[in-house]
Number of protein chains: 2
Amino acid sequence: MVRRSHGLSERQLKILEFVTTFQEKQGYSPSIRQIGDYIHVKSTSLVDYYLKQLEEAGYISREGRVSRSIRVIHPVYPATPNMPTQLTKAVREVGEAMRDILPIPILGVIVASEPIPMPPTQGTSYFDPDSSIDVARSMLPRSERVSELFALEVRGNSMIDAMVNDGDIVILRPAQEAHNGEMVAVWLDDRDETTLKYFYREGSRVRLQPANSTMNPIYIEDPSHLRIMGKVVMVIRQVSAPVS
Amino acid sequence: MVRRSHGLSERQLKILEFVTTFQEKQGYSPSIRQIGDYIHVKSTSLVDYYLKQLEEAGYISREGRVSRSIRVIHPVYPATPNMPTQLTKAVREVGEAMRDILPIPILGVIVASEPIPMPPTQGTSYFDPDSSIDVARSMLPRSERVSELFALEVRGNSMIDAMVNDGDIVILRPAQEAHNGEMVAVWLDDRDETTLKYFYREGSRVRLQPANSTMNPIYIEDPSHLRIMGKVVMVIRQVSAPVS
DNA sequence: ATCATACACGAACAAGTGTTCTGTGTCAAG
DNA sequence: CTTGACACAGAACACTTGTTCGTGTATGAT
C-alpha cells in the first residue's frame, strides 16, 4: 500500500511530483511559472507560497534569487507505474555501453585477388597493427570473444555483390567453419579469389549467397576447395566528406 | 604524459569540470556569468562561445533562453582527486570511459516509400529516442558537430543501389544543402521516394549517383524537386550471427 | 460581527540571465 | 601586405525569473 508522505496537501504533493519528474527528464529545475502552469495557478506568488511551505517542511531547498535552483530533498514520484528514474536509466545505459571501447586492429586490406591477412594464430604475441578502429563494445554481441577480432579494409569494387564497398572496414572473427546463414570470408581455390558471402551447406555442396539478393549464388560442389577464413561480425563505412 | 583523449582545450575542460562539480555540489547549473567568473573571463559572450563549442562537441546540451539549463552529457572531473570516495571514483571512471563513446539516437527507420524521421529542428529539447547506437568518437572527423547526428535503421532492400542493406544503420547529419561528392539522404518529389545517393551538381541539374558504380545515376532537372534531408556520415552493418 | 488564517490573483519591480552586435588584437596562411 | 580565422571584451538588449505588495475571498473560531 502506498503510504503517502505525511501531511502534504494535494497541491504540495503535485508540485513535489512535478519538480521531481521535471528534473529527471530535463536535468534542471522548472521555474516558478512553469510550476504554476502545471498546477493551474495563475500567480507566481502563490507558487512561491507553496514552495516556502515545502521548504519549511524540508522537502526541498532553494537558493534565494537564483533561477531554477530548487533541490528536491525527498523525491516524490507520481503514483503511476514504475517509471525508471534518471539515475537507474543512466546506470542502465552505462551498463549497456559496458563502459568500454575496443580498439580492433586493422591487419591490412582485403582484395578479391589475394588471401586475406590473418592474425598470428598462436598466443597473443605482440605485434603492432598499422592502425586500429575503435568500436563500442555495446555494438557487439555480449558473447563475442572480443580479443580475437580483427579488421580489414576493403580495396576495390570486387565485393560489391556482398554489399561491401571500396574503403569499407569489415570486422572478422577467425573461424574455420561456419553455420548456415553466417557471413564468411572465404578463399576459393578454384578461382583464386577471396570473397564475402553468406554460407549455406546444402547436402554435400555449399551455396555461397551474395548479400545483394538480386545477384546469383555460387555453388561449391567440393567443400574442400573452400577455405573459410573468418566470420564477418560487422561492416563499417565511414563516408568521407570531401574537402569542400 | 597525460593523454587527454579528447580534443578539448584547457578552457573547455575547465568549464566542463566546473559545471560538473557545480551541479554535483549545488544541484543545479551555474549561470553563464558564474562560469565566466570561474575561468576569469569577463564577457558573457565568450563563455557562450565556449559553451556552443562544447554543445557541438556533444559534451553538454542546453535549452535556448532558459537559465541554468546546462546538462552535462559526459562528465569530466578535475584531475585532482584528493581522496575521492568510492562512489565518486566509480562515477568518475565511468564518466571517463564514456567520454569517448557517443550515444547516437536512433530516430526510426528509413524506407524508400516514406520521408525519414528527423530530429526536432530547434531547441535541443530533450527527447527520448527509443534506442541509441554507441559510436567511438575517434571514428568521426574531429570537426563533426556531433550533437546533431542521428541514426536510422534501414528497412527493406530498396537501397541496395546505395550499397545499403536491410538492417543497416546509417548515421546522418542534418543538412539542406550538399557539396559535390557527398552522400546524401534525399526525398524526391517526383517519385515520392527517399533514397541515398552521391550528390553532384552539374550546371542547373543535379546528378544522383548510386554508390554501386555499376548502376546508373538519376538526373534531376529541377533541383527544387529534390529535398536534401541530411548527409550520410557513416554506415554500420551489424552482421547478426544466427543462433547456431 | 470581528478577526485570524489560509488560499488566490495580478501587477509591478528588480535582479538574474541568455543573446547579439560591435570592436580589438593576434596569428598564420595566402 | 592582406585576408580570414580565432580568441576576447564590453555593452546593449530582451527575456526570464524570483520577490514583494496590494487586494480579494472564503472559512472557521471567537
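All figures in this text were calculated on a predicted structure; none of them were measured in a lab. In what follows, every chain begins at residue 1, and chains take the letters A, B, ... in the order their sequences are listed.
In this structure, NE2 of A/H40 is placed 14 Å from P of C/dG10, rounded to the nearest angstrom. Between the CZ atom of A/R33 and the C1' atom of D/dG18 there is a distance of 7 Å, rounded to whole Å. In this structure, the CG atom of B/L51 is 9 Å from the P atom of C/dT19, given to the nearest Å. Between the C1' atom of D/dG18 and the CZ atom of A/R65 lies a distance of 7 Å, rounded to the nearest Å. Taking atom CD1 of residue B/I32 and atom C1' of nucleotide D/dA12, one finds them 15 Å apart after rounding to whole Å. Here D/dC21 presents its P atom at 17 Å from OH of A/Y49, a figure rounded to the nearest Å. Atom CD1 in B/I15 sits about 12 Å away from atom P in D/dA7, given to the nearest Å. What separates CD of B/Q12 from C1' of D/dC6 is a distance of 12 Å, to the nearest Å.
Nucleic acid contact class of B/Q53 (heavy atoms, under 4.0 Å, all strands): sugar-phosphate only.
For the pair B/D37 and B/K42, the salt-bridge criterion is not met [side-chain N within less than 4.0 Å of a carboxylate O]. Contact check on B/D161 versus B/K197 returns a salt bridge, with a Lys/Arg side-chain nitrogen under 4.0 Å from an Asp/Glu carboxylate oxygen. Salt bridge B/D189/B/R227: present, at least one basic N to carboxylate O contact under 4.0 Å.
Nearest to the side chain of B/D48, among C/dT19, D/dG18, D/dA9, sits C/dT19.
OP1 or OP2 of C/dT17 lies within a sub-4.0 Å distance of a side-chain N or O belonging to A/S67. Between B/S31 and C/dT17, a side-chain N or O to OP1/OP2 separation shorter than 4.0 Å is present. Side-chain nitrogen and oxygen atoms of B/R68 include at least one within less than 4.0 Å of the OP1 or OP2 phosphate oxygen of C/dT17.
Judged by atom type and distance alone, B/T44 does not reach the base of C/dT17 through any side-chain donor-acceptor pair under 3.5 Å.
Applying the side-chain hydrogen bond (donor to acceptor under 3.5 Å, both in side chains) test between B/D168 and each of B/R237, B/Q238, B/R155 identifies B/R237 as the sole match.
Applying the ring-ring contact (aromatic ring centres under 6.0 Å, His included) rule to B/F22 yields the partners B/F18, B/Y28; only residues at least two apart in sequence or on another chain are considered.
If B/R11 and B/V66 are placed on DNA chain D by their nearest nucleotide, the residue sitting closer to the 5' end is B/R11.
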